[in-house]
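Worksheet: one structure, shown below.
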There are 2 protein chains.
Amino acid sequence: MSIIFSRQCEYAIQAVLYLALKPDKNMISIRELTKQLDIPYHFVAKILQDLTRKGLLVSHKGPAGGFGLGMKAKDITLLQIVEAIDGVSFMNNCVFGFPNCTDEDHCAVHDQWGKIRTKIHEMLANKNILEMAAETKKVQYHSGKQ
Amino acid sequence: MSIIFSRQCEYAIQAVLYLALKPDKNMISIRELTKQLDIPYHFVAKILQDLTRKGLLVSHKGPAGGFGLGMKAKDITLLQIVEAIDGVSFMNNCVFGFPNCTDEDHCAVHDQWGKIRTKIHEMLANKNILEMAAETKKVQYHSGKQ
DNA sequence: TTTTTTTAAGACTAAATTATCCGATATAAA
DNA sequence: TTTATATCGGATAATTTAGTCTTAAAAAAA
Ligand code: FES
Ligand code: FES
């Protein structure tokens, strides 16, 4: 089992994207969001609270409360979300866990991997949530259980 | 915390590489290998047994026993090791965990990520253990504890 | 044959990650 | 003011991954 981003991070991105896709309504509740995306309610609640503390989202309690984007969709990049949840240690560590990963002392795929991880970083940094939302086909969101 | 390969997979690659770097001696014991690489003895023992069952390594019990490569170093690719331990599901699943990841229905970074994961696959498939060993600077292996 | 060394195998423990539960707090609406 | 609805925060549970321990089996050497 190989993964790139933690499940927390995956949920975070999916959730922020969902919020960006609904600019009309003021606030979206965790209930609606997790039902539509078919992801776990309580777990995602914590993630959204985390993103709120870090300024990426805003929240409001009480009836008609919920979550919304903390800034304009075009000002939120995938990289900001990844940094907030997972961090970007993959940019500095060896892809195979070798103890050193510097230009002086490194494994045999260091240069090749260096180019790839730069591409990944670019992908995250250059993609904002507004673009993501525009390009995401709605069909992604199937009605889920819970 | 983002990762690409499991720790098991990292250890597997490091271990196979260590074996490839010692073509002189016939068999290398888990004791020597884990001491030199500074990785956990019993955990790695299981991984080596796994790789042996899958034919990538050979093993021999008793004094002067240990592990060795199951085929020529130039015939073992990184991809084979990754396939044996982690599998290559990352080649088929969305990098952000969106439920669909096909050319018909996909997220907004699907094409971009597709190119990147192809590069990763190429990196794994084109790199054999002989090359890896030749290019790996010995300084990687510091004397460890245990 | 006995001893020593080393892998094989399975049960067990520990740690990290993922997920749930519950009581408190804020707040809008009745 | 009361009630219903949401987030907030901390504790707890479940699952997965990582790592350890113990006993058996094989094989070389004494
Ligand atoms: S040392 Fe392996 S990627 Fe840098
Ligand atoms: S759907 Fe996201 S990478 Fe394919």
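To find a chain, count down the sequence lines: A is the first, B the second, and so on, and within it residues start at 1.
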Q. Among side-chain atoms of A/His110 and A/Asp103, is any donor-acceptor pair under 3.5 angstrom?
A.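 Per modelled atom types, A/His110 and A/Asp103 side chains form a pair under 3.5 Å.
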OP1 or OP2 of [N] sitting under 4.0 Å from any side-chain N/O of [X]?
X	N	result
A/Arg53	D/dC8	no
B/Ser59	C/dA8	yes
B/Tyr41	D/dA18	no

[X] [atom1] to [N] [atom2], straight-line distance once rounded to whole Å:
X	N	atom1	atom2	value
A/Asp50	D/dT7	CG	P	15 Å
A/Asp38	C/dA19	CG	P	11 Å
B/Ile47	C/dA8	CD1	P	14 Å
B/Met27	D/dA28	CE	C1'	14 Å
B/Leu33	C/dT6	CG	P	13 Å
A/His42	C/dG23	NE2	P	13 Å
B/Glu32	C/dT7	CD	P	10 Å
B/Ile30	C/dA9	CD1	P	12 Å

Q: Check each residue of residues 78-87 of chain A for a non-hydrogen atom within less than 4.0 Å of any atom in DNA chain D, then write out the ones that pass by number, or none.
A: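 Correct list: empty, so none.
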Tell me the closest heavy-atom pair linking [X] and [Y], and the distance in Å.
X	Y	answer
B/Met27	B/Ala64	CB-O, 3.7 Å
B/Ile129	B/Leu17	O-CD1, 3.9 Å
B/Ala133	B/Leu21	O-CD2, 3.4 Å

Q: Determine the contact category for A/Leu48: base if any of its heavy atoms lies under 4.0 Å from a base atom, sugar-phosphate if only primed atoms, P, OP1 or OP2 are that close, otherwise nothing.
A: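 Nothing: the residue A/Leu48, judged by heavy atoms under 4.0 Å, touches no strand.
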Q) What pairs meet the salt bridge (charged side-chain N to carboxylate O under 4.0 Å, His left out) rule with one or both residues in residues 62-79 of chain B, with sequence neighbours excluded? A)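 Residue pairs passing salt bridge (charged side-chain N to carboxylate O under 4.0 Å, His left out), neighbours aside: none found.
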Q. Which pairs with one or both residues in residues 39-65 of chain B pass salt bridge (charged side-chain N to carboxylate O under 4.0 Å, His left out), sequence neighbours excluded?
A.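 Listed by first then second residue: B/Asp50-B/Arg53, B/Asp50-B/Lys54.
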**Q.** Full working for side chain to side chain contact (heavy atoms under 4.5 Å, CB included) between A/Gln14 and B/Phe98
**A.** CA-CA 7 Å; A/Gln14 294 181 28; B/Phe98 282 101; 3.6 Å; yes
Polar pairs (N or O, both sides) under 3.5 Å between protein and nucleotides 24-26 of chain D?
none

(Q) Using heavy-atom distances to pick each residue's nearest nucleotide on DNA chain C, tell me which of A/Val44 and A/His60 is more 5'. (A)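 The answer here is A/Val44.
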Q. Does the side chain to side chain contact (heavy atoms under 4.5 Å, CB included) test come out yes or no for A/Leu69 and A/Leu57, once each step is laid out?
A. CA-CA 4 Å; A/Leu69 298 182; A/Leu57 301 182; 4.1 Å; yes
Q: Can you run down the side chain to side chain donor-acceptor pair (under 3.5 Å) pairs that involve residues 122-131 of chain A, sequence neighbours left out, and say none if there aren't any?
A: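 Counting only pairs at least two positions apart or across chains, the side chain to side chain donor-acceptor pair (under 3.5 Å) contacts touching residues 122-131 of chain A are A/Lys127-A/Glu135.
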Pairs under 3.5 angstrom, nitrogen or oxygen only, protein versus nucleotides 11-18 of chain C, please.
| residue | atom | partner | partner atom | Å |
| --- | --- | --- | --- | --- |
| C/dT18 | OP1 | A/Arg7 | N | 3.1 |

Q) For A/His60, which residues count as a side-chain hydrogen bond (donor to acceptor under 3.5 Å, both in side chains) partner, sequence neighbours excluded? A)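 Here no residue qualifies.
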Can you give each donor-acceptor pair under 3.5 Å made by side-chain atoms of residues 81-97 of chain B, sequence neighbours left out, with the distance rounded to 0.1 Å?
| residue | atom | partner | partner atom | Å |
| --- | --- | --- | --- | --- |
| B/Asp86 | OD1 | B/Ser6 | OG | 2.6 |
| B/Asp86 | OD2 | B/Ser6 | N | 2.9 |
| B/Asp86 | OD2 | B/Ser6 | OG | 3.4 |

Q.
Show, in sequence, the C-alpha distance, side-chain angles and deciding distance for A/Glu32 and A/Lys22, and conclude whether the side chain to side chain contact (heavy atoms under 4.5 Å, CB included) test is met.
A. CA-CA 12 Å; A/Glu32 172 190 338; A/Lys22 295 225 175 177; 2.9 Å; yes
